[in-house]
There are 2 protein chains.
Amino acid sequence: MRDRESGYGSTGDREGCPVEYTLDVIGGKWKGVLLYHMIDGSKRFNEFKRICPSISQRMLTLQLRELEEDGIVHREVYHQVPPKVEYSLTEFGQTLTPIILLMKEWGKKYQQNSQCSIES
Amino acid sequence: MRDRESGYGSTGDREGCPVEYTLDVIGGKWKGVLLYHMIDGSKRFNEFKRICPSISQRMLTLQLRELEEDGIVHREVYHQVPPKVEYSLTEFGQTLTPIILLMKEWGKKYQQNSQCSIES
DNA sequence: CTCCTTAGTATACAAATTGATACTATACCA
DNA sequence: TGGTATAGTATCAATTTGTATACTAAGGAG
């Protein structure tokens, strides 16, 4: 999944599959949610932990790093103690918001057990 | 990922996260691609194998079965020899096409020169 | 001097997902 | 009798993903 830029050569079928490319960027287990919560402004590391208590620190770090690598997310470090790091969508990341919002709409509509109180 | 209906109880944070629900349905490694190729009509098992040569038979079966379980895909078995099975989007599955097509557009736009240029 | 904070890393391990290969059924064709 | 075709299963190995726990830095509070 993470080897987009390394070695497909001519054998891979990803070249002609834009849908798969997109899912590769936003399809990680937590990426969609993280992206979703960054739409309405930057978030700190511990804010994500509060929003999604079931994601572990390691996974949160890994997923944010991948989003950063892909140029989707900007990581702003404030050299303070205690440390402060803010994550926000880059200009490139903003181009994903229509997809995220459409996915939000679809999920809201068809998720049966919706006591969904999250509004952006 | 597959335990949506079984046991989150009150601890899970998925309840209020429509984006994650949607990604749970279409975010499997191959689901988006399969869905994408079903938009323009039903496809047979071996057609998918030809379209995505890098998906194994087992994965193809598993992903199609999950899509079927979720009511996204209809599986029509023709009792012939050699067997013939056709997969197509259900009416419910059709509701996903806007998302898939948006993902296709995004992927098409940014997959070649990822992170290089942002043009609208 | 020790504890608290944040935003992580490091390590070890467990679980889930994915892949490779071999195998099945059954009618037709020669 | 053997080969072809399709749509799968079965089995095991490898990879990926996730969890748990301990640890770091560095300033401020007590």
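All chains are named by letter (A, B, ...) in the order of the sequence lines, taking the proteins before the strands, and each is independently numbered beginning at 1. Any value given below was found using the heavy atoms of this structure, including those in side chains, with hydrogens, waters and symmetry copies removed.
Within the 4.0 Å cut-off from OP1 or OP2 of dG19(C), at least one side-chain nitrogen or oxygen of Trp30(B) is found. Between Lys29(B) and dG19(C) there is a side-chain N or O to OP1 or OP2 distance below 4.0 Å. OP1 or OP2 of dA7(C) has not a single side-chain nitrogen or oxygen of Arg65(A) nearer than 4.0 Å.
The aromatic rings of Trp106(A) and Tyr21(B) sit parallel to each other, their planes meeting at less than 30°, with 60° as the upper class boundary.
Atom P of nucleotide dT17(C) and atom CD1 of Ile55(B) are separated by 15 Å, given to the nearest angstrom. The CE atom of Met59(B) sits 15 Å away from the P atom of dT15(D) (whole-angstrom rounding). The distance from atom CD of Gln63(B) to atom C1' of dG8(D) is 16 Å, rounded to the nearest whole Å. Distance CG (Leu64(A)) to P (dG18(D)): 13 Å, rounded to an integer number of Å. Going from atom CG of Leu34(A) over to atom P of dA7(C) covers 14 Å, rounded to whole Å. When the P atom of dT19(D) is taken as reference, atom CG of Leu60(A) falls 12 Å away, rounded to whole Å.
Taking every side-chain heavy atom of Arg58(B) into account, dT11(D) is the closest of dT11(D), dG18(D), dT9(C). Here the side chain of Tyr87(A) is nearest to one of dT11(D), dG8(C), dG8(D), namely dG8(C). Closest contact between the side chain of Thr61(A) and the listed nucleotides dT9(C), dT9(D), dG18(D) involves dT9(C).
The structure places OG of Ser56(B) at 8.0 Å from CH2 of Trp30(B), a figure rounded to the nearest 0.5 Å. Distance check: Gln63(A) CD to Arg58(A) CZ gives 10.5 Å after rounding to the nearest 0.5 Å. Rounding to the nearest 0.5 Å gives a distance of 7.0 Å between CG of Asp24(A) and NZ of Lys31(A). Distance check, rounded to the nearest 0.5 Å: CG of Leu34(A) to SG of Cys52(A) gives 6.0 Å.
Each of Ile100(A), Leu101(A), Leu102(A) was compared with Val19(B) under the side chain to side chain contact (heavy atoms under 4.5 Å, CB included) criterion, and only Ile100(A) meets it.
One hydrophobic cluster holds both Leu23(B) and Leu67(A) under the rule that ILVMFWY side chains link at heavy-atom gaps under 4.5 Å. Residue Tyr78(B) is not grouped with residue Met38(B) when hydrophobic side chains (ILVMFWY) are merged at heavy-atom distances under 4.5 angstrom, including chains of intermediate members.
At a non-hydrogen distance threshold of 4.0 Å, Arg44(B), Phe45(B), Asn46(B) from residues 39-49 of chain B come into contact with DNA chain D. Taking a 4.0 Å limit (strictly below) on heavy-atom distances, residues 73-81 of chain A reaches DNA chain C at Arg75(A).
By the side-chain hydrogen bond (donor to acceptor under 3.5 Å, both in side chains) test, Glu76(A) is found to be paired with His74(A), residues two or more places apart in sequence or in another chain being considered.
Nearest-nucleotide mapping onto DNA chain D: of Ser56(A) and Arg50(B), the residue sitting toward the 5' end is Arg50(B). Toward the 5′ end of DNA chain C lies the nearest nucleotide of Leu62(B), the other residue of the pair Gln57(B) and Leu62(B) mapping further downstream.
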